[in-house]
Amino acid sequence: MGFKYISELATQENVNQLLTMVDMVVGGLTDTENVFDIEDALRDSEQMQKCLQVVRQHPASAQMLEERYVGAEFDLDTLLQMPKDSLGWTYAKVLSALNYDPDFYRKREIKSDIDYIIQRVRKTHDLHHILTGFSFDDYGELGVIAVTVGQIGYPGFAFIDIVALLLSFLSDKHQRQGIDVPLEYDFDLISQGIKIARQAQPLFPVKFEEGLEQPLAEWRKELNIVPVTEGHWSWYSRPHLRDAIELPSITQESQLVGV
């Protein structure tokens, strides 16, 4: 029987661990602390070791690990003084409009390369939203985390993507406005994130903190990122975010409620 391997995987220990982590993902729909719990739970996992190997195989990323570059914290007031349309200015404008705190993430004491990877992924996550165009809500989140999965195989985000697909398959309880087939939408969203990951330059070793005054368009060109700029999963479709970065309004049909 071709599915014999499933029985070998479905040990009681594995099933219990899966159920515990699925509960964390479901909790993550309302509390970002659950996302950090998932990342922390996978810190010593085989999957995180594989992620570390991927990072070490890329010379610039390996150098980043050795250096353990941290960079300055993101201060929105300072970033708002940067040139219009720069990465820093756009990041600050969008986060301010969303009332987001750039220091939202759980801090880790960096004792190992794995700790550093987790901390770096957390710090730069919202920058990835800005760069890729994926929205900051449940219309676009699976896409932006898929970029990190596609580039370094980050297990916390991979698990969230997988469980989100399962939840879309099992239930339409968390129906989103304008999405008729949630499972199909989520597959397409994750696929778009993986596509961007494969086309783009590695994002992990980029010291964004040293180039926040550089135009966002130049960053995207340099990193070979073609952002999503329309449709449900793009933050560019949110009228209040377009207003924040001084873009012209879009047609009513293209607008979305929410963030």
Measure from the side-chain N and O atoms of Q47 to the backbone N and O of Y154, and report whether any donor-acceptor pair falls under 3.5 Å.
no
Does the side chain of D115 pick up a donor-acceptor pair with the side chain of S112 at under 3.5 Å?
yes
Are E141 and H125 linked by a side-chain donor-acceptor pair shorter than 3.5 Å?
yes
Interatomic spacing from CG in L216 to CG in L87 - rounded to 0.5 Å
6.0 Å
Test: K84 and E213 ion pair at under 4.0 Å
no
Is the side chain of D85 donor-acceptor paired with the backbone N or O of P215 at a distance under 3.5 Å, no angle test?
no
For a side chain to side chain contact (heavy atoms under 4.5 Å, CB included) check, start with the C-alpha distance between Y236 and L241, then their side-chain angles and the critical distance, and finish with the verdict.
CA-CA 7 Å; Y236 282 95; L241 298 186; over 6 Å; no
K93 NZ/CZ over Y91 ring centroid, <6.0 Å and within 45° of normal:
no
Side chains of S135 and R238 only: does a donor on one sit below 3.5 Å from an acceptor on the other?
yes
What's the spacing between M48 CE and I117 CD1 if we round to 0.5 Å?
4.5 Å
Flag, side chain of S96 to backbone of A92, donor-acceptor distance under 3.5 Å
yes
Inter- and intrachain pairs under salt bridge (Lys or Arg N to Asp or Glu O under 4.0 Å), touching residues 59-83, at least two apart
E67-K207, R68-D113
Using the ring of F74 (Phe, Tyr or Trp, six-membered ring only), decide whether K123 places NZ or CZ under 6.0 Å from its centre and within 45 degrees of its axis.
yes
For atom CG of N99, is the number of surrounding heavy atoms from other residues, nucleotides or ligands below 6.0 Å larger than 12?
no
So, taking the atom named CG in L142 and the one named CG in D188, what distance separates them when rounded to the nearest 0.5 Å?
12.0 Å
Check this for me: Y69, atom OH, are more than 12 non-hydrogen atoms of other residues, nucleotides or ligands nearer than 6.0 Å?
yes
Supply the atom-to-atom distance T229 OG1 to R242 CZ, rounded to the nearest 0.5 angstrom.
8.5 Å
Checking W219 side chain against G211 main chain: does a donor-acceptor pair fall under 3.5 Å?
yes
In Å, rounded to the nearest 0.5 Å, how long is the span from CD1 of I162 to CZ of F157?
13.5 Å
Test side chain to side chain contact (heavy atoms under 4.5 Å, CB included) applied to T132 and V228, step by step:
CA-CA 6 Å; T132 62; V228 291; 5.6 Å; no
I'd like to know if K107 pairs up with D40 as an ion pair, taking the criterion as any Lys NZ or Arg NE/NH1/NH2 lying under 4.0 Å from an Asp or Glu carboxylate oxygen.
no
Quick one: pull up CZ in F159 and OG in S45 and give me the separation to the nearest 0.5 Å.
11.0 Å
Salt bridge R106-E39, side-chain N to carboxylate O under 4.0 Å
no
Ring centers of H129, F136 separated by less than 6.0 Å
yes
Inspect the surroundings of CD in E230 and state if more than 12 heavy atoms from other residues, nucleotides or ligands are less than 6.0 Å away.
no
